[in-house]
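What's counted below: heavy atoms across the whole structure, side chains too, no hydrogens, waters or symmetry copies.
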Amino acid sequence: MQPISSLSDGRRRFRIPYEAELNTSQLEAVTTTEGPLLVIAGAGSGKTRTLTYRVARLVEMGVSPAQILLLTFTRKAAQQMLQRASSLLDSRCEKVAGGTFHSFANTMLRRYASQLELDPGFSILDRVDAEALINLLRKEIAARVGQRSFPRKGTIAAIFSRSINKIIPLEDVVYDDYPHLIDSVEALNDIFLAYRKHKRQHNFLDFDDLLVFLRQLLTTRPDVRQRISSAYQYVMVDEYQDTNKIQADILYRLVGEHRNIMVVGDDSQSIYAFRGANFKNIMQFPQAFPGTRIITLEENYRSVQPILDLTNVMIEQAREKYSKKLFTRRPGLAKPVLVEASDENSQSLFVVDRIKQLQRQGVALDQIAVLFRASFHSFDLEIELNREEIPFIKVGGFKFVESAHIKDVLAHLRVIANCEDRISWYRILLLIEKIGPSSAQKIYEAVRRQACGYTGLLTVDTKIVRAPGIKRLQELFAGIDAQPLSLAATGQAVVKYYLPILKDTYDDHPKRAKDLEQLVAIMERYRDLDHFLTDMALEPPNTSIGDTLAVDAAGQQRLVLSTVHSAKGLEWHSVFIIWALDGRFPSPHALYKEAEIEEELRLMYVAATRARENLTFIYPDGVYDRSLGVLLNRPSRFIDMIPESILQKQTAGYWE
DNA sequence: TCACGGAATATTTTT
DNA sequence: TATTCCGTGA
């Protein structure tokens with residue numbers, strides 16, 4: 001490559017003063033641009049900074065931005081890094097290819113679809129869609145096999161996904177993780193085959209397929225692989241500890257031509273094993289790429305010493321990890337605190353009270369976060385925050401695009417985009433009175449026979465079923481077909497059609513109607529339908545304000561409530577970790593499996609390392625867990641035995 | 001064939 | 001505590 005010669009010229013001048021703005025290790029990572037590079041980056045050690053500067057450095061060296069690929073965990077993370085790189089250097093950095101593995105796969109597959117005999121107009125199935133399809137096939141096959149009881153659709157989908165992502169046979173997944181379903185292995189295999197076939201026939205790809213097909217493309221088509229590989233001369237991967245085996249495979253093939261690959265991660269922060277991620281990827285990287293240079297970032301710039309003292313002790317409990325010891329030069333006064341509350345509500349009141357106190361001390365509301373293991377853990381707190389009129393935004397957990405009313409509207413748009421989308425046809429037809437599964441099937445088949453896209457519905461003889469309601473749907477489609485509408489106008493038309501159904505179906509329809517307005521607002525930003533639908537599947541909005549979809553978090557300063565998973569990579573001045581109760585965090589599901597307990601520990605570690613100045617754990621004492629049949633009354637085992645010299649204990653009371 | 005109501009059941013985290 | 005499943009009656 002041409003840049004190499006200019007790089008070896010030590011006198012080359014750069015606009016950005018890298019030496020002054022980065023520490024030794026960071027600088028080494030930024031300036032090592034050729035060959036395989038593994039960066040083990042402890043929490044708060046400037047991982048994002050390093051990646052950002054490295055992008056700028058490559059661009060400054062004269063590498064074309066389009067030849068740089070930055071794979072991150074969310075698209076937002078990629079965008080932010082590229083924006084920062086742009087403000088360091090110039091707008092060229094915005095042209096760097098960035099996104100998630102899934103979005104990258106989506107782009108490549110649409111471009112090279114023909115090589116895999118795939119229709120480039122494929123629809124992406126999200127989890128709900130995939131489960132709906134599995135349910136359809138489940139019923140057919142369960143009837144044939146004649147089994148009485150059968151796992152639920154969600155369980156089946158989870159088994160399939162696990163088998164794919166970990167690249168292990170389906171029966172092994174059942175033996176290891178679902179031993180009570182051993183009798184159903186054969187039927188599950190049948191459903192799996194039927195599922196795969198159906199996806200093929202109807203132009204569906206689920207999340208896992210995106211990765212699987214991309215790997216297949218790179219494996220079976222050496223010419224394509226070479227083209228893609230040479231198109232992206234420099235590849236960087238963030239959060240490498242949370243990639244799975246397929247992703248590692250993809251990467252291996254992707255950079256085969258030049259081996260200019262940098263991965264960044266922290267094995268101690270691997271928290272996506274449930275999704276097939278394997279933190280061993282990061283351990284095995286040097287074997288996959290002989291000659292790998294390894295750089296460790298150990299200086300923490302985020303947290304004050306007392307917080308680091310705690311998190312270092314905490315992660316000591318992990319059995320398997322790269323050894324590293326984080327240090328900081330930021331002294332601090334306040335020790336992290338563990339608070340015992342008498343019950344859930346007193347936990348909420350304590351947190352609210354403390355937040356008001358912090359505000360009085362001048363801490364901005366958006367510099368405070370409340371973190372929790374599971375989304376529902378914050379319900380009671382949300383009520384109290386509303387009562388006190390403290391504005392907050394909630395991140396993670398409940399997903400709007402998976403809620404029924406949003407799904408309903410999207411389904412109408414999806415049949416317009418891909419008329420083979422049987423799942424969406426069924427969904428919209430079943431909304432109409434007097435139409436059940438069998439009528440839906442008849443209509444769907446009739447539409448398909450017309451072979452003219454969604455407008456096939458207009459010419460179908462709807463007398464095949466007795467359902468007058470179908471006429472309204474025909475009118476809707478006729479109207480959309482008649483004139484070229486903007487995407488948002490199309491969405492508006494669908495919403496107008498759907499509102500009466502919404503009112504009949506849900507008591508809380510006003511709130512849901514607001515969500516639909518927000519959905520239309522999102523559509524305004526898009527020009528084409530396919531692009532919009534793809535984004536809704538791959539990067540659905542996951543923030544909410546007061547139970548409704550929040551499009552722009554801009555404006556008012558807000559407290560952040562977040563699941564720990566969604567807090568990855570972020571930081572705040574003050575952090576509260578609620579429900580730090582043994583049996584809630586770690587989650588009750590993880591209690592009997594050592595590997596899962598380890599993951600819960602890492603999750604707690606991720607949560608605690610988000611804090612810059614203040615860290616507070618709080619738990620309600622004496623909560624009865626029905627499924628376990630025990631009274632939960634100990635703090636999380638991950639912090640229970642930490643001495644008072646590191647973690648200060650106190651009890652919550654109104655007088656606080 | 002559809003709609004509805006009572007019973008069973010699994011229950012987190014997300015691309 | 002929802003959600004999903006399944007049987008019954010129209």
Whole-Å gap separating [atom2] ([N]) and [atom1] ([X]):
{"X": "A:Glu402", "N": "B:dT14", "atom1": "CD", "atom2": "C1'", "result": "9 Å"}
{"X": "A:Phe585", "N": "B:dT13", "atom1": "CZ", "atom2": "P", "result": "12 Å"}
{"X": "A:Phe379", "N": "C:dT1", "atom1": "CZ", "atom2": "P", "result": "12 Å"}
{"X": "A:Arg162", "N": "B:dT13", "atom1": "CZ", "atom2": "C1'", "result": "13 Å"}
{"X": "A:His565", "N": "B:dT12", "atom1": "NE2", "atom2": "C1'", "result": "8 Å"}
{"X": "A:Arg602", "N": "B:dT13", "atom1": "CZ", "atom2": "C1'", "result": "13 Å"}
{"X": "A:Arg584", "N": "B:dT13", "atom1": "CZ", "atom2": "C1'", "result": "15 Å"}
{"X": "A:Arg127", "N": "C:dT4", "atom1": "CZ", "atom2": "C1'", "result": "14 Å"}

Next on the checklist: Less than 4.0 angstrom between a side-chain N/O of A:Ser566 and OP1 or OP2 of B:dT13, yes or no?
Outcome noted: no

Checklist entry - When you measure from the side chain of A:Phe376, which nucleotide among B:dT14, C:dC5, B:dT12 comes out closest? => result B:dT12

Checklist outcome for this item: Checking B:dT15, B:dT12, B:dA8 against the side chain of A:Glu600 (C-beta onward), the nearest is B:dT12

Item to check | Donor-acceptor pair present, A:Arg275 side chain and B:dT13 base, under 3.5 Å | outcome: no

Item to check | Rounded distance [0.5 Å steps], CG in A:Asp209 versus CD in A:Gln216 | outcome: 10.0 Å

Checklist entry - Once the angle between the rings of A:His198 and A:Phe204 is folded into 0 to 90°, is it parallel (under 30°), tilted (30 to 60°) or perpendicular (over 60°)? => result parallel

Item to check | Interatomic distance at P, B:dT11 relative to C:dC6, whole Å | outcome: 16 Å

Checklist entry - When you compare B:dT12 with C:dC5, how far apart are their C1' atoms, in angstrom units rounded to a whole number? => result 23 Å

Judged by modelled atom types alone, do [X] and [Y] share a side-chain donor-acceptor pair under 3.5 Å?
{"X": "A:Arg75", "Y": "A:Ser103", "answer": "no"}
{"X": "A:Lys394", "Y": "A:Ser378", "answer": "yes"}
{"X": "A:Asp515", "Y": "A:His405", "answer": "yes"}

List every contact pair, protein side and nucleotides 1-5 of chain B side both N or O, where the distance is under 3.5 Å.
unit_1: B:dT1; atom_1: O5'; unit_2: A:Ser438; atom_2: OG; d: 3.2
unit_1: B:dT1; atom_1: O3'; unit_2: A:Ser438; atom_2: OG; d: 3.4
unit_1: B:dC2; atom_1: OP1; unit_2: A:Gly436; atom_2: N; d: 2.4
unit_1: B:dC2; atom_1: OP1; unit_2: A:Gly436; atom_2: O; d: 3.3
unit_1: B:dC2; atom_1: OP1; unit_2: A:Ser439; atom_2: N; d: 3.2
unit_1: B:dC2; atom_1: OP1; unit_2: A:Ser439; atom_2: OG; d: 2.4
unit_1: B:dC2; atom_1: OP2; unit_2: A:Pro437; atom_2: N; d: 3.4
unit_1: B:dC2; atom_1: OP2; unit_2: A:Ser438; atom_2: N; d: 3.2
unit_1: B:dC2; atom_1: OP2; unit_2: A:Ser438; atom_2: OG; d: 3.3
unit_1: B:dC2; atom_1: O5'; unit_2: A:Gly436; atom_2: N; d: 3.3
unit_1: B:dA3; atom_1: OP1; unit_2: A:Lys434; atom_2: N; d: 2.9

Checklist entry - Given that A:Asp208 and A:Ser587 both sit by DNA chain B, which one's nearest nucleotide is further toward the 5' end? => result A:Ser587

Checklist entry - Can you list every pair that meets salt bridge (charged side-chain N to carboxylate O under 4.0 Å, His left out) and has a residue in residues 122-136 of chain A, with sequence neighbours left out? => result A:Asp126-A:Lys407, A:Arg127-A:Glu131, A:Arg127-A:Glu402, A:Asp129-A:Lys407, A:Asp129-A:Arg414

Next on the checklist: Considering every strand and a 4.0 Å limit on heavy-atom distances, what is the contact class for A:Tyr272: base, sugar-phosphate, or nothing?
Outcome noted: sugar-phosphate

Item to check | pi-stack flag for A:Phe274 and B:dT14, centroid dist under 5.5 Å, interplanar under 30° | outcome: no

Checklist entry - Taking the six-membered ring of A:Tyr195 as reference, does the NZ or CZ atom of A:Arg200 fall below 6.0 Å from its centre and within a 45° cone about the axis? => result no

